[in-house]
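Remember, it's 1-based here, ligands and their atoms both numbered in the order they're listed.
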Amino acid sequence: MKRRRTVLLSLAGLLGAALTALPVQQAGADEVEQVRNGTFDTTTDPWWTSANVTSALSDGRLCADVPGGTANPWDAAVGQNDITLVKGESYRFSFTASGTPEGHVARAIVGLQVSPYDTWYEVSPELSVSGNSYSYTFTSPVDTAQAQVAFQVGGGADAWRFCLDDVSLLGGVPPEVYQPDTGPRVRVNQVAYLPAGPKNATLVTDATAKLPWQLKDDLGATVAHGWTVPRGTDVSSGQNVHSIDFGSYRRPGSGFTLVVDGETSRSFDIGTAAYEQLRLDAVKYYYTQRSGIAISDELRPGYGRQAGHLNTAPNQGDANVPCQPGVCDYTLDVTGGWYDAGDHGKYVVNGGIATWELLSTYERSLLAPTGRPAKLGDGTLAIPESGNKVPDILDEARWELEFLLRMQVPDGQPLAGMAHHKIHDAQWTGLPLLPSDDPQKRELHPPTTQATLNLAATAAQAARLYRPYDRAFATKALTAARKAWAAALAHPEVYADPNDGIGGGAYSDTDATDEFYWAAAELYLTTGEKQFRTYVLNSPVHTADIFGSLGFDWGRTAAAGRLDLATVPSGLPGRDKVRQSVVNGADRYLSTLKSQPYGMPYAPDDNVYDWGSTHQVLNNAVVLSTAYDLTGTAKYRDGAVQSMDYVLGRNALNMSYVTGYGEVSSHNQHSRWYAHELDPSLPNPPNGTLAGGPNSNIQDPYAQSKLLGCVGQFCYIDDIQSWSTNETAINWNAALTRMASFVADQG
Ligand code: 9MR
């Protein structure tokens, strides 16, 4: 029935940030209705319902009886298929709906009608008994003739009645321009500057001449003042900016603001306490990523959950996982480890570099002049192993190491000693989904040279670091590392299939020379043996310039070897040159940082921000911090410390990418279990969770619907659907861990 609606709900009030303003109609736009029979005047055809839903015409509407006792929204649904969408065209999706009794939610989606059921647009309004009208505009990221409009109404304990009318998907409407709310134009580190450290800010302004600034304390008194430095157009954001240096002010306190050009910045501290907290929170993140163990609500209030993937239904479990068909004929117990990110997959490539960076945080605390090992020692992280006299950071890393060891191909098999690349679900799952609720089949994917060398490198590093605490484990790790090394030498070019990305990420990489170098370096540093020394010295990677603009990452691991060769004592011939190469890399990052008005050591080629750019900024800062550890030269320390400002709010979006740190911080990261944005009974990610951050390639449809054409720093959105800009990941938090620990040590 086509009813006239006089009142459109105040959409912004109803759904807050999830909504954008209604578009202004462009005169003469060619608008075409895509939905057939959205008005239900005489029939409900061609609408379908899931088998458990009965629907019928009622007063010119479609009304459906929804059963109780289903688990997921999609377990009960009403929809229409075979809708055509045109990539880049904007659509207004509108409908009226009611729910009886009060309080039920309908998840309204436009998505792919067949597997993998991509969702291109979704909203989940809470319905009223009297009914309301809803209207949203989005831009299609795809060309398809297989779109569906569906209303997913399952997931509730009790039965209810859902009624629908006036469903419309109108093509050819003017697109909406997404405008992020970036707050005051003065951009600061919203958390804290170190009292004796650098203090820089960035102003976005049209002004071309210098402007006066004031630093105000918590009472509003001016405690310092000076002039901005005009910097012209900033490439990373496209903005006209000035920079501000207030480093001469050193008195600790909280509630400071910077006032300039009629704007007042978000507030910040001058002090070290926040970094001591961040040092802990960044590592505490790993406990709640653990697989195969119940998460204690006592240790992590609000985050307790059942163990995931322990062969308890509906999990199929990780205790006896077969290979993908045709890959092997054995099963492995690959329980434990950390979930990689927001998915339930576990990957040896990526698990390796993440483990290395946690272990290297610990190793640095033993070796660097400013290192303080007790800060991550036993009892610091509130994990089940706290109190066992082993440093907590080693206990946490061991949870993953034990898993990595389980991924090794057993003796007697053709590829014995290699490591399976990954284990994950056979199909992608939807959100939200607790690890313990994942019903998918789990599969081992083929072994790869890179996974094998990730295992060799981290197990070798573990052998030297755990020896004082557990000799047997150290020996076991070294044996596994040697076996992996030999297997990699025998199979030096077995790479992951780049198309093996169903149910989990591909993590494909066609160059293993860097992983060989890294593994040889760790084996040499642990054993001192000539075979590994010779390999290191003969590797072309050893003398290559490896400190590029994107920094090191899961697929570019040479720096892990180089940094350790530079810092871990050994008799390596030419070690001074190795150390100098790190300093040279740091010099390059320092000059990048100086050229950037936002002060980060990151300037990717053509301004193409990469997937996980926040952690690449931090990893470049790790090189700066290592140069400081090696030389004691203050400019490297200051560069490393200053890099943290960008991650904590001194950026074009004026937000901190670390949950719970700063007045405005990322908190809707893509995760199946920190899915508060989709299910209010679930938590947001824990404080100290790093978001991937700006990614120019915006691979996910949600980001594409909002950010097409974005410039560098603007290619980010804090929405759970944006898996390419806003995921959490174990390798990213490892970079945060390493840098938080370094900055805290400079207090
Ligand atoms: O961070 C990874 C990025 O560099 C890759 O290009 C991408 C495709 O393989 O995968 C990213 O990692 C994701 C992984 O594949 C699956 N788990 C979530 C990871 C973070 O988004």
S.K.: Quick check: does Trp611 get an N/O under 3.5 Å from an N/O on ligand 1?
M.R.: yes
S.K.: Please identify which atoms of ligand 1 are closer than 4.0 Å to at least one heavy atom of Asp343.
M.R.: 16 (C), 17 (N), 18 (C)
S.K.: Considering non-hydrogen atoms of the protein only, which is the closest contact for atom 12 (O) of ligand 1, and what is the distance?
M.R.: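 For atom 12 (O) of ligand 1, the nearest protein heavy atom comes out as Tyr507 OH, 3.2 Å.
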S.K.: Would you say Asp509 and Tyr495 are linked by a side-chain donor-acceptor pair, where the criterion is simply a distance under 3.5 Å?
M.R.: no
S.K.: May I ask you to check whether Thr288 and Tyr674 show a side-chain donor-acceptor distance below 3.5 Å?
M.R.: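 Yes - a donor-acceptor pair under 3.5 Å links their side chains.
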S.K.: Counting non-hydrogen protein atoms only, what is the nearest one to atom 21 (O) of ligand 1? Give residue, atom name and distance.
M.R.: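 Residue, atom and distance for the closest contact: Glu727 OE1, 3.0 Å.
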S.K.: May I ask you to identify the nearest protein heavy atom to atom 17 (N) of ligand 1, giving residue, atom name and distance to one decimal place in Å?
M.R.: Asp340 OD2, 2.9 Å
S.K.: Quick one: does any side-chain atom of Tyr285 pair with a main-chain N or O of Pro686 as donor and acceptor, under 3.5 Å?
M.R.: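 Absent.
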S.K.: Please list the nearest protein heavy atom to atom 15 (O) of ligand 1 with its residue and the distance rounded to 0.1 Å.
M.R.: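 For this ligand atom, the closest protein heavy atom is Gly505 CA, 3.1 Å.
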S.K.: Looking at Tyr339 versus Trp673, is the centre-to-centre ring distance below 6.0 Å?
M.R.: yes
S.K.: For ligand 1, does Trp732 get within less than 4.0 Å through its side chain, its backbone, both, or neither, judged by non-hydrogen atoms?
M.R.: side chain
S.K.: When Asn350 is tested against each of Trp338, Tyr507, Trp732, Trp554 for side chain to side chain donor-acceptor pair (under 3.5 Å), which residue passes?
M.R.: Tyr507
S.K.: For Tyr609 together with Tyr716, are the ring centres under 6.0 Å from each other?
M.R.: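 No; Tyr609 has its ring centre 6.0 Å or more from that of Tyr716.
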S.K.: Indicate, as side chain, backbone, both or neither, the part of Trp554 found under 4.0 angstrom from ligand 1 when only non-hydrogen atoms are considered.
M.R.: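 Answer for Trp554: side chain.
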